[in-house]
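To start, the structure itself, in structure tokens.
In what follows, residues are counted from 1 in the order of the sequence shown.
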Amino acid sequence: THSGIDGMQDVLYFLVDTFFSLVFFVFLLRLLLQWARADFRNPLAQAILRLSNWLIMPLRRLLPPIGRIDTASVVAVLLVAVAQVAALTLVRGFGLPDMLDLLRLAALAILRSALWVYFWAIFIYALLSMVAPGTYSPANAILQSLCEPILGPIRRTLPSIGGLDLSPLWASIGIQVLLILLR
């Protein structure tokens, strides 16, 4: 029946989207952690390196870094995003978009995903600071590396109110505004 075909297409779409989203998340997180100058001796950062080296290392032989920018990581994020957009449009039966549309859709997906990563990282970082202040964990160290470059300037501009740091709130509002503008 027609609804059975739609159901199978939905399942396939879900599986393809989930697979590519997980792969994309690993590469995006690696890139963001590099930009944030995170400590890659951290066990979680080590796991991200191991999960992404299969594509990054061959790309590094072809693409040397430009200054502080690891071009291999940038290209890997773009390649995975393009592959995800292409696979999902094919699963939906729309055919492959032209290269310019594919790159535009991939760039939008990268921007949205990076904003969502920062939104959730800031949310979890703020939550951990309330639940377990001053404690160390590998996750907290990664979150600090990601969030402090965003929260620090906000904190310096808008002081705390009654000892309450509102920088995560303002950062989250700013991220949501950017997400709305990217729709």
Side-chain angles (χ1 to χ4, degrees), residues 1-36 38 40 43-124 139 142-143 145-147 150 171-183:
T1 67
H2 185 65
S3 66
I5 293 171
D6 287 346
M8 289 304 292
Q9 187 182 33
D10 290 343
V11 168
L12 182 59
Y13 186 89
F14 168 75
L15 291 173
V16 169
D17 187 37
T18 301
F19 169 76
F20 275 106
S21 293
L22 292 171
V23 172
F24 176 73
F25 177 72
V26 167
F27 284 98
L28 181 62
L29 203 51
R30 178 179 178 139
L31 182 63
L32 295 175
L33 288 173
Q34 286 173 337
W35 285 349
F40 276 92
L44 292 175
Q46 285 291 313
I48 290 165
L49 288 176
R50 281 193 297 278
L51 288 169
S52 58
N53 274 345
W54 65 270
L55 181 57
I56 301 287
M57 297 318 278
L59 284 174
R60 269 209 189 126
R61 287 193 278 280
L62 302 171
L63 304 166
I66 299 172
R68 292 182 169 185
I69 297 172
D70 180 16
T71 52
S73 293
V74 173
V75 169
V77 168
L78 185 59
L79 287 174
V80 174
V82 166
Q84 181 176 16
V85 169
L88 293 176
T89 55
L90 287 173
V91 168
R92 281 290 185 222
F94 297 133
L96 207 53
D98 66 56
M99 191 50 118
L100 196 57
D101 282 341
L102 198 57
L103 288 172
R104 185 181 57 78
L105 291 169
L108 278 172
I110 292 167
L111 284 172
R112 279 191 208 107
S113 296
L115 289 169
W116 278 113
V117 164
Y118 274 106
F119 176 83
W120 286 109
I122 288 168
F123 178 79
I124 294 168
I142 291 283
L143 290 170
S145 295
L146 276 175
C147 298
I150 305 292
S172 298
I173 291 170
I175 289 169
Q176 289 301 316
V177 166
L178 291 173
L179 285 166
I180 290 168
L181 293 173
L182 285 175
R183 278 192 201 149

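Between atom CD of residue Q84 and atom CG of residue D17 there is a gap of 5.5 Å, rounded to the nearest 0.5 Å. Note that OG of S172 is 10.5 Å distant from CG of L179, once rounded to the nearest 0.5 Å. Distance check: L32 CG to L146 CG gives 6.0 Å after rounding to the nearest 0.5 Å. Distance CG/L178 to CG/L182: 6.5 Å, rounded to 0.5 Å.
Residues F27 and A76 come closest through the heavy atom pair CD2-CB, 3.8 Å. Residues Q34 and R60 share a closest heavy-atom pair of NE2-NH2, 3.5 Å. Between V82 and A106, the shortest heavy-atom contact is CG2-CB, 3.6 Å. The minimum heavy-atom distance linking L63 with T71 is given by the pair O-OG1, 3.2 Å. Of all the heavy atoms in I48 and V26, the pair that sits closest is CG2-O, 3.7 Å.
Summarising the local packing, CG of L181 is surrounded by more than 12 heavy atoms from other residues, nucleotides or ligands at distances under 6.0 Å.
S113 meets the side chain to side chain donor-acceptor pair (under 3.5 Å) test with no other residue; sequence neighbours excluded. For T89, there are no side chain to side chain donor-acceptor pair (under 3.5 Å) partners two or more places apart in sequence or in a different chain. By the side-chain contact (heavy atoms from CB on, under 4.5 Å) test, L79 pairs with L59, V75, sequence neighbours left out.
Relative ring orientation between F119 and F123 is described as parallel, the plane-to-plane angle staying below 30° on a 0-90° scale split at 30° and 60°.
Of the possible donor and acceptor atoms, none in the side chain of S145 sits under 3.5 Å from a partner among the backbone N and O of A36.
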Point to revise | From CA spacing to verdict: side-chain hydrogen bond (donor to acceptor under 3.5 Å, both in side chains), N53, R30 | key: CA-CA 10 Å; N53 274 345; R30 178 179 178 139; 2.8 Å; yes
